[in-house]
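To start, the structure itself, in structure tokens.
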Amino acid sequence: MIEKNVRINARKLMAEHGLYPKKNLGQNFLIDAHVLDKIVTAAGLASNDFVIEVGPGLGVLTAELAQAANKVCTIEIDTQLADILCDTVPSNVEIINRDILKTDLGEIIAQSGFSSAKMVANLPYYITTPIIFAVLENNLPVDTMVVMVQKEVADRMLASPSSKAYGLLTLSIAYYGKASLVANVPPNCFFPRPDVHSAVVKIEVSNQVRNNIKRETFFAITKAAFANRRKTLQNCLASSVELNLTKDTAAELIAAAGLPESVRGEALAFEDFVRLANKMSIKN
Ligand code: SAM
């Protein structure tokens, strides 16, 4: 276990192996042990847990995860890093040298012998949302995700109604689970320093909404509601080809959901969208 106030010398580790960080692979290594500790604590790992990590890099987070969980499967695209990791990680870590976007995580979990997994990762920022939604949209048995993302993405995930950051990403994440902020992380916690601020977000995945509302209905409504932020919800819903509603039926739907006639989509809470989708399903 790394002491909390220690700075991890990623520059030295890289130099020892004759490597340089690859910007195109989003290689900004975490060097702040305090943040590392917050990530592992937020994941709430138990000794019978199976963890999937994307992009282990130099394996600093991997080592902590391996200590707290039963097994870690980690997917790294960079062959040089994967080779180094194979020689250094504990025996309960499996390294897969592959592109995460070409990896069947469902199969990995199915073959692991565990019934579910947790995803814990300092994600490569250029593919943050594809990775998160590959897990959520495919209904993989992943119950918790603790991920480092760009702060701007975290803000959109966690935004409140009527704020600038509130929109499709906020509602899409809410459809699949409950997101919360673990920590804000400044650039000096990484080597090399990224140009952007970062944040660690925890998503507790849940089937509660998914089991009751059809995905297509929920997303058709939310997409329509945010298609034009300045229009009223009624006009947005009536303009959607996918929903195929008249202005009158859109107004009826809004009233049935207990919402004001002239409300705008951006003012609606997640629960309001759920109610709208429910009323829409009943009508269909
Ligand atoms: N986990 C390390 C840490 O916290 O210091 C490294 C995190 S770094 C932000 C992102 C890592 O993801 C790098 O190791 C990078 O090589 C890897 N990576 C980038 N693209 C990837 C992809 N498509 N599939 C798998 N790994 C990828």
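In this chain, numbering begins with 1 at the start of the sequence shown. One-based numbering, in listed order, for ligands and for the atoms of each.
- For ligand 1, the 4.0 Å heavy-atom shell takes in L25, G26, Q27, N28, F29, L30, E53, G55, P56, G57, I75, E76, I77, D78, L81, R98, D99, I100, N122, L123, P124, Y126, I127, ordered by chain and residue number.
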Which atom pairs, one a donor and one an acceptor, fall under 3.5 Å between side chains of residues 41-54 and the rest of the protein, sequence neighbours left out?
unit_1	atom_1	unit_2	atom_2	d
T41	OG1	D37	O	2.7
D49	OD2	A46	N	2.7
E53	OE1	T62	OG1	2.7
E53	OE1	T74	OG1	3.3

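- At a cut-off of 3.5 Å, with distance as the only test, no side-chain donor of S206 or K178 sits close to an acceptor on the other residue.
- Side-chain contact, T249 with T246: a donor N or O sits under 3.5 Å from an acceptor N or O.
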For residues 23-31, please give each side-chain donor-acceptor pair under 3.5 Å, one per line with the distance, not counting sequence neighbours.
unit_1	atom_1	unit_2	atom_2	d
Q27	OE1	K22	N	2.8
Q27	NE2	D78	OD2	2.8
N28	ND2	P192	O	2.8

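- Ion pairing between R98 and E76 fails under the 4.0 Å rule for side-chain N and carboxylate O.
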Which donor-acceptor pairs under 3.5 Å do the side chains of residues 11-19 make with protein atoms, sequence neighbours left out?
none

